[in-house]
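All heavy atoms count here, side chains included; hydrogens, waters and symmetry mates do not. Note that the structure is predicted; figures quoted are calculated from it, not measured.
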Amino acid sequence: VSDENLSIIFEGYAGKNATTMTERNLQSLFRDIVSIQKEVGQNIYVEGLKVFHASPGYREMNFLQRGVVSASISTMKTTIFTAFSIAMSFYTNLDNMKVIHRRFSPDGLLTKEIFLKS
């Protein structure tokens, strides 16, 4: 990601003329990132399932085989989307954001320059 794009992201969450990003700004940024990743993951899952169901291998399976494969796919989906839920709960916790914020900047000020370097 270019510095220009990172600058646009910083300004979008902290404000156009802001010099620092707060924990809440950082929380919103990470929450949006996880939401976007989850949505993309869901779209990939749905499209992959469509392709699989249209494949000759799937059509050749008997009822029992289809049931086993469907159960496996369902378990995989649950596991993946549970991970997104855990990530979302982590990034909605303000205490966790404070820890991440301090990793960016020990003095507690996440400036635009530090954001662009990280």
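Hydrophobic cluster membership is shared by Phe30 and Phe81, with clusters built from Ile, Leu, Val, Met, Phe, Trp and Tyr side chains linked at under 4.5 angstrom.
Residue pairs satisfying the salt bridge (charged side-chain N to carboxylate O under 4.0 Å, His left out) criterion with at least one member in residues 14-26, sequence neighbours excluded, are listed as follows: Glu11-Lys16.
Under the side chain to side chain contact (heavy atoms under 4.5 Å, CB included) criterion, Asp32 pairs with Tyr13, not counting sequence neighbours. For Gln65, the side chain to side chain contact (heavy atoms under 4.5 Å, CB included) partners are Met61, Asn62, not counting sequence neighbours. With sequence neighbours excluded, the residues forming a ring-ring contact (aromatic ring centres under 6.0 Å, His included) with Phe52 are Tyr58, listed by chain and number. Shown here are the side chain to side chain contact (heavy atoms under 4.5 Å, CB included) partners of Thr19, two or more places apart in sequence or in another chain: there are none. Legend: residues meeting side-chain hydrogen bond (donor to acceptor under 3.5 Å, both in side chains) with Ser35, ordered by chain and number and at least two apart, are absent. In terms of the side-chain hydrogen bond (donor to acceptor under 3.5 Å, both in side chains) criterion, residue partners of Asn5 (sequence neighbours excluded) are, by chain and number, Ser2. The side chain to side chain contact (heavy atoms under 4.5 Å, CB included) test applied to Ser85 returns Lys38, not counting sequence neighbours. Applying the side-chain hydrogen bond (donor to acceptor under 3.5 Å, both in side chains) test to Thr22 and every residue at least two apart in sequence or in another chain returns Asn25.
By the 4.5 Å side-chain criterion applied to Ile, Leu, Val, Met, Phe, Trp and Tyr, Phe63 is assigned to no cluster and stands alone.
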Atom pairs and distances, side-chain donor-acceptor, residues 40-49, under 3.5 Å, sequence neighbours left out:
unit_1	atom_1	unit_2	atom_2	d
Asn43	ND2	Glu39	O	3.4
Glu47	OE2	Lys50	NZ	3.3

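When atom types are taken as modelled, the side chain of Ser72 and the backbone of Val68 share a donor-acceptor pair closer than 3.5 angstrom.
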